[in-house]
Amino acid sequence: MSSIRTRFAPSPTGFLHLGSARTALYNWAYARRHGGCFVLRIEDTDLERSTRESEETVLEGLEWLGLDWDEGPFRQTERREAHEQAIAGLLAQEKAYRCQCSREDLEARKEADLARGGSGLYDGRCRDLGLGPDCGTHVVRLRVPQEGMLGWEDAVFGPSGQDAGQLGDAIIRRGDGTPLYNLAVVVDDIEMGITHVIRGADHHPNTSLQVALYQALDAPLPIFAHLPLIVGESGKKLSKRRDNVSIQDFRDEGHLPEALTNWLVRLGWSHGDDEIFSLDEIAQLFSLESVGRSSARADPAKLAWLDQHYIKQLPGDDLFARVRPHLERVKGGPVEDDESLRKLLDLLRERSRTLVEMAELAHWKLSDTLEYDEKAVKKHLRPAALPALLALGQGMRKLPDWTVAELEKTFEETAAALGDVKLGKLAQPVRVAVTGGPNSPGIFETLEILGREPTLERLKHAVTVVEARAESAGSD
RNA sequence: GUCCCCAUCGUCUAGCGGUUAGGACACCGGCCUUUCAAGCCGGCGACACGGGUUCGAUUCCCGUUGGGGAUACCA
């Protein structure tokens, strides 16, 4: 039994972010791989932005991805007391101090310093004033060492850190008495016994300060592992505005959770030449040593490929259950489970890259009213096709059994009767007549799935369309 | 501005001093074929640059360039 403990600490601000999802996945995988414990902690250190609702959304996203946690969810706001105690301790030991500088003053001094070519760090004005609790409105600052190295051995980036002199005394408690993120994470990670802090590289520069905090709190450092950023089309950090980042959106677009986790795990991690990883395999193979150091661009095409890969593998029942909502949306009503629909779904597997795409490709089976693709109609439902349509209709009407084999025979006989025309000459007009468009699974399967009555009806309708067209002069 | 990080095909990456620099996605071509797919076969395509170190650098070191991140009483 290992004592490894990892945690995922999202801030609940609306939805589960793609980057967060990968961080969660890596933390989960690392814990699973080593038989450790995966802790979930909601980082709601108040911002008016965090709500219970968005917290729910985040949890829902994790569950959908299949990432289960062992402890939590804890909420940082519920740990106020621990944070306050830690701050009180630091104050008592003079490792932190009260500061009365106003925001405006701070801002002005910083700008002046910057203008002078300085670094813009806090100038330490209140550092040695020895302000007491009765000094009025004040913040609390950490007394960061003024020299020496604040470093750590990063599991991904190797030796990291910066000179303490470049840090400045950071605020750890606001004027209103609430603790700041940096203080809260460190206190929580210490008290929750987190052994491995695995998080996005955007926290990398922040870590020096946290190292200072660990030292001030006399706590041993955890292993830090910073994950290279996932970037968007622009090459910049994923942003809500520019990029598709909501896991919920991915779900609604018909992506599979197994495709998403597979995609995500390969954004920054590799295992030789392997590409396909189930969640179980990830839990078995994941290692921090194989995490890369450069940022990765999220490629939607790769996701689509993975989606199709998993769609092709899904057991029938599972597939049906998952596309069902999408089918119902396309149809605009409830969809019943039946054999012919199941058959169609199977044929659509290798034609669909998402569940949404699959549902859309099934439209002709779902609704009685067909939408015709104008271009396809123009190209295939022309007077020249009339004899074929008529002959096929007649042939099919008499069919004893409505099966692929029988349908195929009818087509062959009709082709011969019409003077050995190519099968395509027959198939395309029929396809357009029954599906409304130029693409579908094999024509015999398509007709079998549609059923006798709908097929004959749609054929009849197509004939009237062609006839109407023949009458309107010069249309062909 | 300051600090920090990164750098192999378009993209994700393998490589951990000696390889015809490998795979996958995408793209292009062919086969198959009643359409679209799928499948199969093939093709295009990369070590950013300059110095070192070394018998030998994609690989190690330094610099340049380019990209990114952090610089909040946000997380």
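Protein chains get the first letters and strands the later ones, always in sequence-line order, with residue 1 at the start of each.
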Worksheet item: When all nucleic acid strands are considered with a 4.0 Å heavy-atom cut-off, which category describes A:Lys237: base, sugar-phosphate, or nothing?
Response: sugar-phosphate
Discussion item. Should the side chain of A:Asp202 and the base of B:G69 be counted as holding a donor-acceptor pair, with the cut-off at 3.5 Å?
Written reply: no
Practice prompt. Evaluate the side-chain proximity of A:Met396 to A:Leu447: yes if any heavy-atom separation is below 4.5 Å, no if none is.
Written response: yes
Item to complete: Please work out if A:Leu229 contacts a base, only the sugar-phosphate, or nothing of the nucleic acid, heavy-atom cut-off 4.0 Å.
Response: sugar-phosphate
Worksheet item: Under 4.0 angstrom, heavy atoms only, what part of the nucleic acid is A:Pro441 near: base, sugar-phosphate, or nothing?
Response: base
Worksheet item: Can you tell which of B:G69, B:U35, B:A14 lies closest to the side chain of A:Arg351?
Response: B:U35
Worksheet item: Where the side chain of A:Trp305 is concerned, which of B:A38, B:C5, B:C25 is the nearest nucleotide?
Response: B:C25
Worksheet item: Taking the six-membered ring for Trp, is the centroid-to-centroid distance between A:His255 and A:Phe250 below 6.0 Å?
Response: yes
Worksheet item: Reckon A:Cys101 touches a base, only the sugar-phosphate, or nothing at all at heavy-atom distances under 4.0 Å?
Response: base
Worksheet item: If you check every side-chain atom of A:Glu275, which of B:C6, B:G23, B:C36 has the closest atom?
Response: B:G23
Worksheet item: Is A:Lys379 near enough to B:U35 that one of its side-chain N or O atoms lies under 4.0 angstrom from OP1 or OP2?
Response: no
Worksheet item: What distance, rounded to whole Å, do you find between the two C1' atoms, one in B:A48 and one in B:G66?
Response: 8 Å
Discussion item. Need the pair for B:U71. Rule: Watson-Crick or G-U wobble, both distances under 3.5 Å, any strand; none if unpaired.
Written reply: B:G1
Worksheet item: Base, sugar-phosphate alone, or nothing: which one does A:Ser294 contact when heavy atoms must sit under 4.0 Å apart?
Response: sugar-phosphate
Discussion item. Between the side chains of A:Arg116 and A:Asp113, is the shortest nitrogen-to-carboxylate-oxygen separation below 4.0 Å, so that they form an ion pair?
Written reply: yes
Worksheet item: From B:C74, B:U35, B:C3, pick the nucleotide closest to the side chain of A:Gln162?
Response: B:C3
Worksheet item: Is there a side-chain polar atom (N or O) of A:Ser440 under 4.0 Å from OP1 or OP2 of B:U35?
Response: no
Discussion item. List the residues meeting salt bridge (charged side-chain N to carboxylate O under 4.0 Å, His left out) with A:Glu191, not counting sequence neighbours, and say none if there are none.
Written reply: A:Arg79
Fill in: Identity of whatever pairs with B:G45 - Watson-Crick or G-U, under 3.5 angstrom
none
Response to the item:
Closest to the side chain of A:Leu180, out of B:C73, B:U34, B:G1, is B:C73
Item to complete: Would you sort out whether A:Ile42 and A:Gln76 count as a side chain to side chain contact (heavy atoms under 4.5 Å, CB included), showing the intermediate values?
Response: CA-CA 6 Å; A:Ile42 306 296; A:Gln76 207 150 51; over 6 Å; no
Discussion item. Check for me whether A:Arg141 meets the cation-pi criterion with A:Tyr122, that is, NZ or CZ under 6.0 Å from the six-membered ring centre and within 45 degrees of the ring axis.
Written reply: yes
Worksheet item: Among B:C3, B:G69, B:C25, which nucleotide sits nearest the side chain of A:Gln166?
Response: B:C3
Discussion item. With a 3.5 Å cut-off and heavy atoms only, can you find an N or O donor on one side and an acceptor on the other between the side chain of A:Arg431 and the base of B:U34?
Written reply: yes
Practice prompt. Please state whether the phosphate of B:U13, meaning OP1 or OP2, lies under 4.0 angstrom from any side-chain nitrogen or oxygen of A:Lys302.
Written response: no
Response to the item:
Of B:C73, B:C5, B:A26, the nucleotide closest to the side chain of A:Ala301 is B:A26
Worksheet item: Between B:U71 and B:U54, how far is it from one C1' atom to the other, in whole Å?
Response: 41 Å
Worksheet item: Can you tell me how far C1' in B:G22 sits from the matching atom in B:C47, rounded to whole Å?
Response: 13 Å
Worksheet, complete the sentence: On RNA chain B, more 5' by nearest nucleotide between A:Gln308 and A:Ala9 is A:Gln308
Worksheet item: Within the structure shown, what part of the strands sits under 4.0 Å from A:Gly268 by heavy-atom distance: base, sugar-phosphate, or nothing?
Response: sugar-phosphate
Worksheet item: Among B:C73, B:C6, B:C3, which nucleotide sits nearest the side chain of A:Arg293?
Response: B:C6
Fill in: Length of the line joining A:Asp44:CG and B:C74:C1', which is rounded to integer Å
13 Å
Discussion item. For the P atoms, the ones on B:U8 and on B:C60, what distance do you get once it is rounded to whole angstrom?
Written reply: 13 Å
Worksheet entry | Pair A:Trp263-A:Phe277, ring-ring contact (aromatic ring centres under 6.0 Å, His included): steps then yes or no | CA-CA 9 Å; A:Trp263 188 46; A:Phe277 300 94; over 10 Å; no
Practice prompt. Identify the nucleotide, in any strand shown, that forms a Watson-Crick or G-U wobble pair with B:A21, with both distances under 3.5 Å; if there is none, say none.
Written response: none
Item to complete: Calculate the interatomic distance between A:Ile276 atom CD1 and B:A14 atom P; express it in whole Å.
Response: 17 Å
Worksheet item: Quick one: which of B:C73, B:A14, B:U34 gets closest to the side chain of A:Phe444?
Response: B:U34
Worksheet, complete the sentence: Rounded to whole Å, CG of A:Leu407 lies from P of B:U34 at a distance of 16 Å
Fill in: Whole-Å distance separating the OH atom of A:Tyr181 from the P atom of B:C73
16 Å
Discussion item. Rounded to whole Å, how long is the line connecting atom CZ of A:Arg353 with atom P of B:C25?
Written reply: 13 Å
Discussion item. In whole Å, measure the gap between the C1' atoms of B:G43 and B:A7 for me.
Written reply: 28 Å
Fill in: Strand partner of B:A7, provided both Watson-Crick or wobble distances fall under 3.5 Å
B:U65
Worksheet, complete the sentence: Looking only at B:U13, B:C6, B:C4, the nucleotide nearest the A:Ser270 side chain is B:U13
Discussion item. Once you apply a heavy-atom cut-off of 4.0 Å, does A:His203 come out as touching a base, just sugar-phosphate, or nothing?
Written reply: base
Item to complete: Please state the P separation for the pair B:G63 and B:C6 - nearest whole angstrom.
Response: 13 Å
Item to complete: Round to the nearest Å and state the distance from A:Leu347 atom CG to B:U35 atom C1'.
Response: 14 Å
Worksheet item: Checking all strands, does A:Gly235 fall into the base, sugar-phosphate, or nothing category for heavy-atom contacts under 4.0 angstrom?
Response: sugar-phosphate
Response to the item:
Atom CG of A:Leu426 and atom P of B:U33 are separated, to the nearest Å, by 18 Å
Worksheet entry | Working for ring-ring contact (aromatic ring centres under 6.0 Å, His included), residues A:His461 and A:Tyr372 | CA-CA 12 Å; A:His461 183 254; A:Tyr372 292 93; 5.7 Å; yes
Fill in: Euclidean distance for P, B:A70 against B:U11 (whole angstrom)
22 Å
Discussion item. Donor-acceptor check, side chain of A:Thr6 to backbone of A:His196, threshold 3.5 angstrom: yes or no?
Written reply: no
Discussion item. What contact category does A:Lys312 fall into here, base, sugar-phosphate, or nothing, at under 4.0 angstrom with non-hydrogen atoms?
Written reply: sugar-phosphate
Practice prompt. Identify, between A:Arg266 and A:Gly161, the residue whose nearest nucleotide on RNA chain B lies closer to the 5' end.
Written response: A:Gly161
Worksheet entry | A:Leu183 CG - B:C74 P separation (whole Å) | 13 Å
Fill in: A:Arg297 side chain near B:C25 phosphate (N/O to OP1/OP2, under 4.0 Å)
no
Worksheet item: P atom, B:C44 versus B:U35: distance in rounded Å?
Response: 29 Å
Discussion item. So that I know where these two stand, are A:Phe8 and A:Trp69 an aromatic pair - ring centroids less than 6.0 Å apart?
Written reply: no
